[in-house]
Trainee: 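For reference, the structure I am asking about is given below.
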There are 2 protein chains.
Amino acid sequence: MAEHSHDHAASGHDDAPDHDHGHDHTHDHGSAPAKLTRNQTLVYGALSRAGGPLTAYTILDQLRDDGFRAPLQVYRALEKLVEFGMVHRLESLNAFVACSHPQCVDHETMAFAICEACGSVSEFADAAITRQLKGWAGNNGFALAKTTIELRGTCRSCQAAV
Amino acid sequence: MAEHSHDHAASGHDDAPDHDHGHDHTHDHGSAPAKLTRNQTLVYGALSRAGGPLTAYTILDQLRDDGFRAPLQVYRALEKLVEFGMVHRLESLNAFVACSHPQCVDHETMAFAICEACGSVSEFADAAITRQLKGWAGNNGFALAKTTIELRGTCRSCQAAV
DNA sequence: TCAGAGTTGTAATGTTATAACAAGAATTGC
DNA sequence: GCAATTCTTGTTATAACATTACAACTCTGA
């Protein structure tokens with residue numbers, strides 16, 4: 001797949017995320033729980049360490065030593081992590097990436113710019129786009145549940161490296 | 001999958017498209033050729049008839065009687081049709097849909113609203129969104145090649161049918 | 001301790017997509 | 001016409017991505 005350089009990356013902890021800092025807020029729209037399960041922690045750790053998109057099967061391979069044997073172990077963890085807003089699925093890549101946004105930013109209308117040369121992904125939110133899409137939905141009586149916005153192209157550094 | 005009601009639908013021809021009306025324009029950015037091959041015609045016909053998204057394997061099944069035996073026959077035709085701008089790939093569905101726009105509208109920045117209840121797809125273009133995305137790309141030195149915008153939710157008629 | 005809910009392990013299978021290779025048509029230049 | 005080239009096709013096999021089904025385990029609260 002290539003190098004990946006995600007904005008996220010390791011910011012101190014090379015291991016699993018420090019998921020247990022107390023606040024047990026209970027608004028149920030998909031926010032992170034107080035505590036992740038072992039498998040969820042392992043999968044999230046793999047994605048954080050990678051700093052870029054990984055496929056479920058790549059994650060599986062990386063977690064063999066931790067006892068992972070079957071795809072479903074990965075997919076189940078990913079499902080929850082996506083639900084929690086900690087991980088995003090990149091539809092055009094059939095891959096998953098750790099969310100690079102600190103706190104509870106929207107999570108429903110993120111956009112991703114995927115470099116086809118190096119595989120890096122930049123995650124961003126654009127209020128105008130969000131507004132525009134919600135506007136279309138409103139005008140057309142469409143009850144919006146989730147939005148996928150993915151840009152494919154070549155990132156700045158890969159263009160420079162010509 | 002369910003009913004599908006694509007804006008496109010049959011507008012006179014129930015059969016393969018009338019791909020041979022003379023004009024041999026030669027701007028090579030992915031416009032339709034003067035003539036499609038047999039397989040391309042069959043695949044495009046299946047998508048037009050369906051009036052909504054089909055997976056490659058569904059198309060394959062529909063074309064058994066026409067001599068199709070292997071997925072590759074479908075994928076190869078789809079690849080060309082997408083290149084020509086006559087078909088779009090829906091990433092979040094792993095499916096394909098005939099383009100519902102008459103002529104050479106952008107084709108690079110279409111958006112799709114997919115009803116999760118009935119499977120219908122509405123294709124639309126929004127200049128403001130396009131502008132906004134190109135703006136982000138410009139500001140971030142990202143050379144934009146292709147954009148995927150897919151809305152998931154419930155269409156007006158499916159909401160009404162509660 | 002028991003019931004229930006959620007999580008896990010595992011095998012099998014389903015679905016989507018491509019690689020590799022051989023052969024068949026169409027186009028071009030002569 | 002007839003090569004040479006190029007594009008398209010057919011076919012087999014395989015890779016890559018994802019889910020169903022079922023049994024067992026673990027945690028929590030009454």
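Lettering follows sequence order; numbering is per chain, from 1.
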Trainee: May I ask you to say whether B:R152 pairs ionically with B:E150, meaning some side-chain N is under 4.0 Å from a carboxylate O?
Mentor: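 No salt bridge links B:R152 with B:E150.
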Trainee: For D:dG10, does OP1 or OP2 lie under 4.0 Å from any side-chain N or O of B:Q73?
Mentor: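 Looking at the OP1 and OP2 atoms of D:dG10, one of them is under 4.0 Å from a side-chain N or O of B:Q73.
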Trainee: Expressed as a whole number of angstroms, how long is the span from A:L78:CG to C:dT8:C1'?
Mentor: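 After rounding, the reported distance stands at 15 Å.
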Trainee: Quick check on C:dT7: is either OP1 or OP2 less than 4.0 Å from any side-chain nitrogen or oxygen of A:K80?
Mentor: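 Checking A:K80 against C:dT7: at least one side-chain N or O falls below 4.0 Å of OP1 or OP2.
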Trainee: How does protein reach along nucleotides 12-28 of chain C, written 5' to 3' as B (base within reach of a heavy atom under 4.0 Å), S (only sugar-phosphate), or - (no contact)?
Mentor: ----BBBBB--------
Trainee: Can you check the B:L63 CG to D:dT9 C1' distance for me, whole Å?
Mentor: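 Checked: the CG to C1' distance equals 15 Å.
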Trainee: Quick one: A:F68 CZ to C:dT10 P, roughly how many Å, whole number?
Mentor: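 It is 11 Å, rounded to the nearest whole Å.
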Trainee: Walk me through it: do B:H88 and B:F112 pass the test ring pair (Phe, Tyr, Trp, His ring centres under 6.0 Å)?
Mentor: CA-CA 10 Å; B:H88 297 286; B:F112 302 88; 5.1 Å; yes
Trainee: To the nearest Å, give me how far apart CG (A:L36) and P (C:dG6) are.
Mentor: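 Result: 17 Å.
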Trainee: Any luck finding a side-chain donor-acceptor pair between A:E123 and A:S100 under 3.5 Å?
Mentor: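 Side-chain D/A pair, A:E123 to A:S100: present.
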Trainee: Any side-chain heavy atom of A:T148 sitting closer than 4.5 Å to one from B:I149?
Mentor: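 The answer is no, as the side chains (C-beta and beyond) never meet within the 4.5 Å cut-off.
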Trainee: Atom CZ of B:R38 and atom P of D:dT9: how far apart are they, to the nearest Å?
Mentor: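 Rounded to whole Å, this separation is 9 Å.
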Trainee: Identify each donor-acceptor pair in which a side-chain atom of residues 136-143 of chain A lies under 3.5 Å from a protein atom, sequence neighbours left out, and give them as a table.
Mentor:
unit_1, atom_1, unit_2, atom_2, d
A:N139, ND2, A:G135, O, 3.4
A:N140, ND2, A:W136, O, 2.7

Trainee: Starting the side chain at C-beta, find the nucleotide from C:dT8, D:dT9, C:dT10 nearest to B:T37.
Mentor: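 The answer is D:dT9, which lies nearest to the side chain.
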Trainee: Rounding to a whole Å, what distance do you find between A:L42:CG and C:dG9:C1'?
Mentor: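 From A:L42 CG to C:dG9 C1': 15 Å.
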Trainee: Is there a side chain to side chain contact (heavy atoms under 4.5 Å, CB included) between B:T55 and B:N94? Walk through the geometry before answering.
Mentor: CA-CA 7 Å; B:T55 69; B:N94 291 329; 5.9 Å; no
Trainee: Would you kindly compare B:G67 and B:Q40 by the position of their nearest DNA chain D nucleotide and give the one closer to the 5′ end?
Mentor: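 The residue closer to the strand's 5' end, by nearest nucleotide, is B:Q40.
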